[in-house]
Amino acid sequence: MPELPEVETVANGVNDRVRGQRIESVWLSSKPQTFKTPAAEMEQDLAGCRIIQVRRVGKHIVFDLENGDARSGVLLQWIVHLGMTGRLLVCSPEVPLPAHTHAVLGLSSGRELRFVDPRRFGRLAIFRMENESVEPSHQSTAQGFQGPGQEPLSIALADFQKLFRGRHLPIKSALLNQKLLHGVGNIYADESLFRAGIRPKRIAGRLRKAELERLHVSIQTVLREAIKLGGSSVSDYVDADGVRGFFQLQHRVYMRTGQPCLVCGTPIRKIVLGGRSTHYCPHCQR
DNA sequence: CATGTTTCCTGACAGC
DNA sequence: TGCTGTCAGGAAACAT
């Protein structure tokens with residue numbers, strides 16, 4: 001299940017392979033729920049565009065596109081959300097199309113960019129923004145696609161603390177809420193809470209200042225470490241090369257139910273919180 | 001408005 | 001062996 005580190009890894013890998021190329025052909029499957037933008041419209045929009053760059057915003061992969069019509073002043077973005085089982089692959093057209101392929105972009109390099117998603121929790125969309133050249137004295141303030149939440153790797157401590165003020169829900173549920181914080185999913189929520197020594201069901205608004213400080217640090221540490229290792233390969237996540245990440249070897253609680261805590265030896269406990277399996281050490285996390 | 005619950009989807013795996 | 005049932009999970013939609 002791709003979270004921030006996996007999405008970052010995929011986005012970087014895809015960026016290296018497709019940056020600067022033109023989209024010469026577009027094929028989309030007929031599974032309407034995959035397309036937040038109607039498929040016909042998306043096809044029209046993507047065809048002929050040049051890919052300026054590919055980057056991560058939250059758990060979304062954003063393709064910044066130039067549509068070749070400079071006068072239109074429109075910057076298009078292709079937004080890819082991998083959901084649980086989505087993959088982006090760059091390969092030769094000769095490689096047989098895997099089952100559950102939902103999008104194939106033919107590139108000027110002669111290779112194809114493919115979106116494959118068996119479980120269809122992934123989503124594709126076009127984001128359109130006006131080019132903000134209206135204020136020539138200022139740098140463009142155009143951000144393009146932005147989720148409603150904050151980026152965990154750059155949020156300041158004070159803003160981080162503010163996110164949870166007055167919230168009456170378990171801290172883990174708050175961490176998973178993308179409207180608050182981007183990119184933290186089930187694995188990294190559990191791992192961060194373990195490293196911060198906080199029980200997942202503690203009420204977010206009742207955490208002490210010192211605990212939020214620890215959590216702020218541990219989220220960033222865990223995410224950065226995971227990015228360095230290429231993400232976690234838990235079920236079927238692979239990067240753009242089809243290579244698996246290695247962060248799962250660093251998991252201290254996730255999927256370690258019953259195994260001894262690596263700090264104190266107490267068996268790791270598993271509960272269900274907000275419909276998500278949740279792992280923690282009952283001794284180390286209070 | 002803030003939270004909680006249900007829904008979407010298929011592969012993997014357990015149990016008979 | 002092969003079938004059936006259960007589970008996983010991001011985030012939107014819906015309910016409370």
Side-chain angles (χ1 to χ4, degrees), chain A residues 1-11 29-39 56-62 79-88 97-103 115-125 127 145-152 162-193 200-207 219 223 226 231-238 242 244-245 247-248 251 253-258 270-280:
Chain A
M1 50 227 81
E3 302 180 27
L4 186 149
E6 292 78 26
V7 176
E8 173 108 3
T9 304
V10 172
S29 77
S30 52
K31 301 291 183 188
Q33 63 273 50
T34 301
F35 306 100
K36 289 175 85 172
T37 304
R56 176 194 66 78
V57 174
K59 290 183 197 170
H60 301 265
I61 297 167
V62 176
I79 313 297
V80 176
H81 193 294
L82 299 174
M84 285 206 31
T85 54
R87 297 189 196 186
L88 279 174
L97 273 193
H100 312 294
T101 299
H102 295 108
F115 176 68
V116 181
D117 183 17
R119 230 168 276 187
R120 282 195 263 153
F121 275 34
R123 294 293 180 264
L124 305 179
F127 185 91
F145 173 82
Q146 288 279 80
Q150 303 258 4
E151 278 292 325
K162 229 179 279 176
L163 285 182
F164 306 109
R165 203 163 292 163
R167 301 219 171 248
H168 281 267
L169 79 171
I171 182 62
K172 176 170 175 183
S173 303
L175 290 179
L176 292 180
N177 185 344
Q178 303 297 304
K179 287 173 185 157
L180 297 178
L181 208 57
H182 279 171
V184 178
N186 211 31
I187 298 172
Y188 298 107
D190 282 4
E191 293 297 319
S192 301
L193 287 167
K201 55 187 171 201
R202 288 279 301 284
I203 297 304
R206 301 222 179 105
L207 290 177
I219 288 174
L223 292 176
S232 302
S233 293
V234 170
S235 49
D236 34 25
Y237 156 76
V238 287
R244 297 168 65 87
F247 188 74
Q248 68 279 9
H251 292 175
V253 288
Y254 187 77
M255 290 294 273
R256 293 195 66 247
T257 311
K270 175 179 165 178
I271 58 172
V272 174
L273 206 167
R276 300 283 175 273
S277 56
T278 297
H279 314 75
Y280 70 99

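So you know, we letter chains A, B, ... as the sequences are listed, proteins then strands, and number each from 1.
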request  = Provide, to the nearest angstrom, the distance between the CD1 atom belonging to A/Ile61 and the C1' atom belonging to C/dG10.
outcome  = 14 Å
message = Are the side chains of A/Asp117 and A/Met84 in contact, using a 4.5 Å heavy-atom criterion?
response = no
remark   = When every non-hydrogen atom of A/Leu223 is compared with those of A/Pro152, the smallest separation belongs to CD1-CG, 3.8 Å
task = Find the distance A/Lys36:NZ to C/dA13:C1' and express it as a whole number of Å.
result = 12 Å
message = Using whole Å, what does the distance between atom P of nucleotide C/dA11 and atom NZ of A/Lys172 come to?
response = 14 Å
query = Can you tell if the side chain of A/Leu124 reaches within under 4.5 Å of the side chain of A/Phe115, non-hydrogen atoms only?
reply = yes
inquiry  = Run the side-chain contact (heavy atoms from CB on, under 4.5 Å) test against A/Gln150 and tell me which residues pass, sequence neighbours left out.
reply    = A/Ile155, A/Leu163, A/Leu181
request  = Nearest whole angstrom, please: distance from the C1' of C/dA12 to the NZ of A/Lys179.
outcome  = 8 Å
request  = May I have the distance from A/Leu273 (atom CG) to C/dA8 (atom P), rounded to whole angstrom?
outcome  = 14 Å
Could you list the protein-to-nucleotides 1-4 of chain B atom pairs, N/O on both sides, closer than 3.5 Å?
unit_1 : atom_1 : unit_2   : atom_2 : d
B/dT3  : OP1    : A/His168 : N      : 2.6
B/dT3  : OP2    : A/Arg167 : NH1    : 3.2

query = Within a strict 4.5 Å, meaning less than it, do heavy atoms of the A/Lys270 and A/Arg256 side chains meet?
reply = no
task = Could you tell me whether the side chain of A/Leu193 reaches within less than 4.5 Å of the side chain of A/Leu175, counting heavy atoms only?
result = yes
Nearest-Å distance for atom pair CE/C1', residues A/Met255 and B/dC13 = 12 Å
remark   = Terminal axes of the helix from B/dA2-C/dT16 to B/dC16-C/dG2 (5 end pairs apiece), angle rounded to 10 degrees, sit apart by 50°
Output side-chain donor-acceptor pairs under 3.5 Å for residues 31-39 of chain A, partner residues at least two apart or in another chain, one line each.
unit_1  : atom_1 : unit_2   : atom_2 : d
A/Thr34 : OG1    : A/Lys31  : O      : 3.4
A/Thr37 : OG1    : A/Ile126 : N      : 2.8

task = In sequence, state the C-alpha distance, the side-chain angles, and the governing distance for A/Asp190 and A/His279, and then conclude on side-chain hydrogen bond (donor to acceptor under 3.5 Å, both in side chains).
result = CA-CA 6 Å; A/Asp190 282 4; A/His279 314 75; 2.9 Å; yes
message = How many whole angstroms separate atom NE2 of A/His279 from atom P of C/dA8?
response = 9 Å
query = Are A/Lys59 and C/dG10 close enough that a side-chain N or O sits under 4.0 Å from OP1 or OP2?
reply = no
ask   = Any side-chain heavy atom of A/Asn186 sitting closer than 4.5 Å to one from A/Ser277?
value = yes
Please write out each protein N/O paired with an N/O of nucleotides 7-11 of chain B under 3.5 Å, distance rounded to 0.1 Å.
unit_1 : atom_1 : unit_2   : atom_2 : d
B/dC9  : OP1    : A/Gln33  : NE2    : 2.4
B/dC9  : O3'    : A/Arg120 : NH2    : 3.2
B/dT10 : OP1    : A/Arg120 : NH2    : 2.5
B/dT10 : O2     : A/Arg119 : NE     : 3.2
B/dG11 : OP1    : A/His100 : NE2    : 2.9

request  = State whether A/Tyr254 places a side-chain N or O below 4.0 Å from either non-bridging phosphate oxygen (OP1 or OP2) of C/dG9.
outcome  = yes
key: Atom-pair distance (NE2 on A/His60; P on C/dA12), nearest Å   = 7 Å
task = Classify the ring geometry between A/His102 and A/His100 as parallel (under 30°), tilted (30 to 60°) or perpendicular (over 60°).
result = tilted
task = Output all residues satisfying side-chain contact (heavy atoms from CB on, under 4.5 Å) with A/Arg56, sequence neighbours left out; order by chain, then residue number.
result = A/Leu4, A/Val7, A/Glu8, A/Ala11, A/Glu151, A/Leu153
